[in-house]
Amino acid sequence: MTNLLTGDVTGLRGVDLGVRDVAAHARFYTDVWRLAVAAERGGSVYLRGSGAYCHILALHPRSEPALLCVNLAAADRNAVDRLHARVTAAGAPRVAAPAPLGEPGGGYGFAFMDPEGRSVRVIAEDARHADARLLPDRPERITHVVLNTASQEDATAFWTRARGLQVSDRSMLTFMRCNDDHHNIAFHTGTRSSLHHIAFEMDGIDSVMRGAGRMRDAGRPIEWGPGRHGPGNNVFAYFIGPDDFVIEYTAEVAKVDANHRAREPGDWVYPPGRSDLWGATPPPSARMKAAQEKIRFAEGLFHP
Ligand SMILES: [Fe+2]
């Protein structure tokens, strides 16, 4: 995986969620969503995709659903230390010192809070699976997380300065990357800092659509899609999962290199009534739009 900038952040490893009923969520994310249990510890369940990351989705018991942490992968422990210095210099309100991690997968990393109260960890030297591969109907990994911000400009500036992410494109959202995926993090304007959605990458369009079938069977029909986004050119189908987390199956995310030129909102104008490149899907449901503002970051730094 080539990093276009510093080489320090190599990817989006995953997210930690606080959920009301860990067992029910784990059943959903294995039986329907098709992740696999990597570990269970202290009431938390750690789920892996078919890719190499030890786990991509961690479920922790909480009284209210929350996004507890966004986890970034770093190249090695020296990269973690450099990023710790950069995050501190960029003015993060809270930063913990780098240390070994006690959770499944281990590794060496640090946690910090960004200016809008998002808890983030940067982790290196964690355990990886040797059997990483693409499999039909199985999410490989989390390919991006979209976050609501009061100011896309401020959020983008901090994340660029602190972590060396680079803007790929701007539409209604600001799409940022840390490797050759078109985007790993994107910012959407919201009334407050919250989770917009989490996207899981599938091995192709058929797996996205068969996943949509399983979701329909499970009483969770498509809320937006199937379609193909402009920025990133990825195929998408969006759903509302348990506790109203908005989750996306996606495929064919564009790869970009150093020659990529960021486009601006005026470059992404769809004909009236359309919200994607194909034009087959109705616009996003009102239910989904409401859910995309509901999940907040839990207060305070997250230490597993
Ligand atoms: Fe997405």
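One-based numbering, in listed order, for ligands and for the atoms of each. Only heavy atoms go into these numbers, but all of them, side chains included; no hydrogens, no water, no symmetry mates.
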Any N, O or S atom of H144 closer than 2.8 Å to the Fe ion (ligand 1): yes

H60 side-chain N/O to L17 backbone N/O, donor-acceptor pair under 3.5 Å: no

Heavy-atom pair of closest approach, residues R13 and C54: NH1-SG, 3.6 Å

Which N, O or S atom of H197 lies nearest to the Fe ion (ligand 1), by name: NE2

Minimum-distance atom from the Fe ion (ligand 1) among N, O or S atoms of E248: OE1

W159 and F187 aromatic ring geometry - parallel, tilted or perpendicular at 30°/60° bounds: perpendicular

Basic-acidic side-chain contact under 4.0 Å: E293, R192: no

